[in-house]
Amino acid sequence: MLFMEHHGIDPSDSSPIRGLDTGRPHSARVWNYWLGGKDCYKADRMLGDKVAALVPGIVDSARADRAFLSRAVRYVGGQEGIRQYLDIGTGLPTMDNTHEVAQRVAPESRVVYVDNDPLVLAHARALLRSTPEGATDYLDADLRDPEKILDAAARTLDFSEPVALMLLAVMHLVTDDEEAYEIVRRLLAALPSGSHLVLAHACIDAEPTRTAVRAYNDSGIPTPIKGRSQSEIAKFFDGLELVEPGVVSCPHWRPEPNPWGTPAEVMTFCGVARKP
């Protein structure tokens, strides 16, 4: 499924959602359900409950991924001075979306979101509510066509300046290893020195992840996933300068102080790296 459109969406538009199949689960809507969102349907909730029953830690993993997004954006925006973000596989809006975190750090930040679910497109009206100083945009696009994504994103982002490439819980939707690595290489090739890759991915080093992946794929969902090992996830960062602590379980990436101590490990691993 390789398609791409550019959307400058009127936030007041309430037209029907075209192309939405509510009878089959979709990864973005299942994820939304695990995050406590309401933008999902019976098929999504049934699959979400099935996987969560088999793998109780899956909900914690989804929420840890969202918390990592917030910490990573504060890092690249606050410490590295990034003011542009390309968020591919953004999923449905929840709390602390990329532009909300980035524009709290720097109101002039510019964010382009990319996804290919009609429900995400409908909710892009919420994603496009930018600060007056900054900008947000949404592309209805397929991850497997990076050049078209980059061409359309260039209407909002300046690729002569550093960009944070956000790939959270999306690369495991590309089940062919070489294709997955090549997509990331092609996206990074278009970005200048000083850009950052922010990536989170299901890690199969733990049995619960392997169980979750089997249950998810056995459900008949049209977008199967492939978990990868910690070393395979680290390969996405080849040629980049990994930020400490490297590729780790999401709660262990620069955790914030809390009264309960070190957070537990979850099934999603993550990392941030700078393009030299």
A.B. asks: Working to the nearest 0.5 Å, report the span between CG of Asp137 and OH of Tyr113.
C.D. replies: 11.5 Å
A.B. asks: Is any side-chain heavy atom of His252 closer than 4.5 Å to a side-chain heavy atom of Glu265?
C.D. replies: yes
A.B. asks: If you look at every heavy atom in Val114 and Tyr138, which pair is closest and at what distance?
C.D. replies: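 Heavy atoms of Val114 and Tyr138 come nearest at C-CE1, 4.5 Å.
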A.B. asks: Answer yes if Leu191 and Met171 sit in the same cluster of Ile, Leu, Val, Met, Phe, Trp and Tyr residues linked by side chain heavy atoms under 4.5 Å apart, and no otherwise.
C.D. replies: yes
A.B. asks: Give the minimum heavy-atom separation between Val213 and Gly227, together with the two atoms involved.
C.D. replies: CG2-N, 4.1 Å
A.B. asks: Heavy-atom distance under 4.5 Å between the side chains of Val198 and Leu165, does that happen here?
C.D. replies: no
A.B. asks: Name the one of Cys250, Cys203, Pro208 that satisfies side-chain contact (heavy atoms from CB on, under 4.5 Å) with Met267?
C.D. replies: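 Running side-chain contact (heavy atoms from CB on, under 4.5 Å) over Cys250, Cys203, Pro208 with Met267 returns exactly one hit, Pro208.
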A.B. asks: So do the side chains of Asp205 and Thr209 get within less than 4.5 Å of each other, counting heavy atoms only?
C.D. replies: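 They are not in side-chain contact.
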A.B. asks: Quick one: does Ser195's side chain have a donor or acceptor within less than 3.5 Å of a partner on Pro162's backbone?
C.D. replies: no
A.B. asks: Work out which heavy atom in Phe159 is nearest to a heavy atom in Ala153; give both atom names and the distance.
C.D. replies: CZ-CB, 4.0 Å
A.B. asks: As a test of understanding, state which of Val174, Leu173, Asn116 forms a side-chain contact (heavy atoms from CB on, under 4.5 Å) with Leu143.
C.D. replies: Val174
A.B. asks: With the 4.5 Å side-chain cut-off for hydrophobic clustering, are Ile82 and Val105 part of the same group?
C.D. replies: no
A.B. asks: Contact between Tyr75 and Arg254 at the side-chain level, heavy atoms closer than 4.5 Å - yes or no?
C.D. replies: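 They are in contact (side-chain heavy atoms under 4.5 Å apart), so the answer is yes.
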A.B. asks: Can we say Lys226 and Asp176 salt-bridge, meaning some charged N sits less than 4.0 Å from an Asp/Glu carboxylate O?
C.D. replies: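 Salt bridge: no.
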A.B. asks: What's the shortest heavy-atom distance between Arg83 and Gly77, and which atoms?
C.D. replies: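 Of all heavy-atom pairs spanning Arg83 and Gly77, the closest is NH1-O, 2.8 Å.
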A.B. asks: Any non-hydrogen side-chain atom of Pro245 less than 4.5 Å from a side-chain atom of Trp253?
C.D. replies: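 A side-chain contact exists here, since the closest heavy-atom pair is under 4.5 Å.
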A.B. asks: For Asp44 and Tyr41, indicate whether the former's side chain and the latter's backbone hold a donor-acceptor pair under 3.5 Å.
C.D. replies: yes
A.B. asks: Compare every heavy atom of Ile233 with every heavy atom of Ala202, then report the nearest pair and how far apart it is.
C.D. replies: O-CD1, 3.8 Å
A.B. asks: Quick check against the 3.5 Å criterion: does Ser70 have a side-chain atom that pairs as donor or acceptor with the backbone of Ala67?
C.D. replies: no
A.B. asks: Atom OG in Ser193, atom CZ in Arg274: separation rounded to 0.5 Å?
C.D. replies: 4.5 Å
A.B. asks: Tell me whether Leu139 is reachable from Leu188 by hopping between hydrophobic residues (I, L, V, M, F, W, Y) whose side-chain heavy atoms are closer than 4.5 Å.
C.D. replies: yes
A.B. asks: Heavy-atom distance under 4.5 Å between the side chains of Leu187 and Ile88, does that happen here?
C.D. replies: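 They are in contact (side-chain heavy atoms under 4.5 Å apart), so the answer is yes.
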A.B. asks: Which pair of heavy atoms, one from Thr175 and one from Pro224, lies closest together, and at what distance?
C.D. replies: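 Looks like CG2-O, 3.9 Å.
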A.B. asks: Apply side-chain contact (heavy atoms from CB on, under 4.5 Å) to residues Leu242 and Val247 and explain how you reach the verdict.
C.D. replies: CA-CA 8 Å; Leu242 264 172; Val247 177; 4.3 Å; yes
A.B. asks: Do the side chains of Glu232 and Lys235 get close enough for a salt bridge, i.e. N-O under 4.0 angstrom?
C.D. replies: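 The answer is no: the pair does not qualify as a salt bridge.
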A.B. asks: Do we see a donor-acceptor contact under 3.5 Å between the side chains of Ser130 and Gln103?
C.D. replies: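 Judged by distance alone, the side chains do pair up.
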A.B. asks: Assess the residue pair Val272 and Leu197 against the criterion (side-chain contact (heavy atoms from CB on, under 4.5 Å)); give the C-alpha distance rounded to whole Å, side-chain angles, the decisive distance to 0.1 Å, and a yes or no.
C.D. replies: CA-CA 6 Å; Val272 176; Leu197 172 61; over 6 Å; no
A.B. asks: Do side-chain atoms of Gln84 reach the backbone of Val111 as a donor and acceptor pair under 3.5 angstrom?
C.D. replies: no
A.B. asks: With a 4.0 Å cut-off on N to O distance, would you call Glu100 and Arg66 a salt bridge?
C.D. replies: no
A.B. asks: Give a yes or no on whether Ile204 and Ile225 share a hydrophobic cluster (residues Ile, Leu, Val, Met, Phe, Trp, Tyr; joining criterion: side-chain heavy atoms under 4.5 Å apart).
C.D. replies: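 Different clusters: Ile204 never reaches Ile225 through Ile, Leu, Val, Met, Phe, Trp or Tyr contacts under 4.5 Å.
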A.B. asks: What distance do Met46 atom CE and Lys42 atom NZ have between them, rounded to the nearest 0.5 Å?
C.D. replies: 6.0 Å
A.B. asks: Let me see the working for His201 and Phe269 under ring-ring contact (aromatic ring centres under 6.0 Å, His included), right down to the final yes or no.
C.D. replies: CA-CA 5 Å; His201 194 293; Phe269 276 48; over 10 Å; no
A.B. asks: Looking at Leu86, Leu157, Asp145, which one forms a side-chain contact (heavy atoms from CB on, under 4.5 Å) with Leu150?
C.D. replies: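 Only one option passes, and that is Leu86.
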A.B. asks: Could you check whether any side-chain heavy atom of Val112 comes within less than 4.5 Å of a side-chain heavy atom of Asp87, counting everything from C-beta outward?
C.D. replies: no
A.B. asks: Looking at Asp96 and Arg104, does any basic side-chain N land under 4.0 Å from a carboxylate oxygen?
C.D. replies: yes
A.B. asks: With the side chain counted from C-beta on, respond yes when Glu80 and His196 share a heavy-atom pair under 4.5 Å apart, and no when they do not.
C.D. replies: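 A side-chain contact exists here, since the closest heavy-atom pair is under 4.5 Å.
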A.B. asks: In terms of hydrophobic clustering (I, L, V, M, F, W, Y; side-chain heavy atoms under 4.5 Å; direct or indirect links), are Leu69 and Val248 co-clustered?
C.D. replies: yes
A.B. asks: Go through the side-chain N and O atoms of Arg228 and His172 and say whether any donor and acceptor fall under 3.5 Å apart.
C.D. replies: no
A.B. asks: Do Arg144 and Glu179 meet the salt-bridge criterion of a basic N to acidic O distance under 4.0 Å?
C.D. replies: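 Looking at Arg144 together with Glu179, the answer is yes, because their closest N to O distance falls below 4.0 Å.
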A.B. asks: Could you tell me whether His99 and Tyr85 have their ring centroids closer than 6.0 angstrom?
C.D. replies: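 No, the ring of His99 stays outside the 6.0 Å limit from the ring of Tyr85, centre to centre.
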A.B. asks: When you check the side-chain N and O atoms of Asp65 and Thr268, is any donor under 3.5 Å from an acceptor?
C.D. replies: no
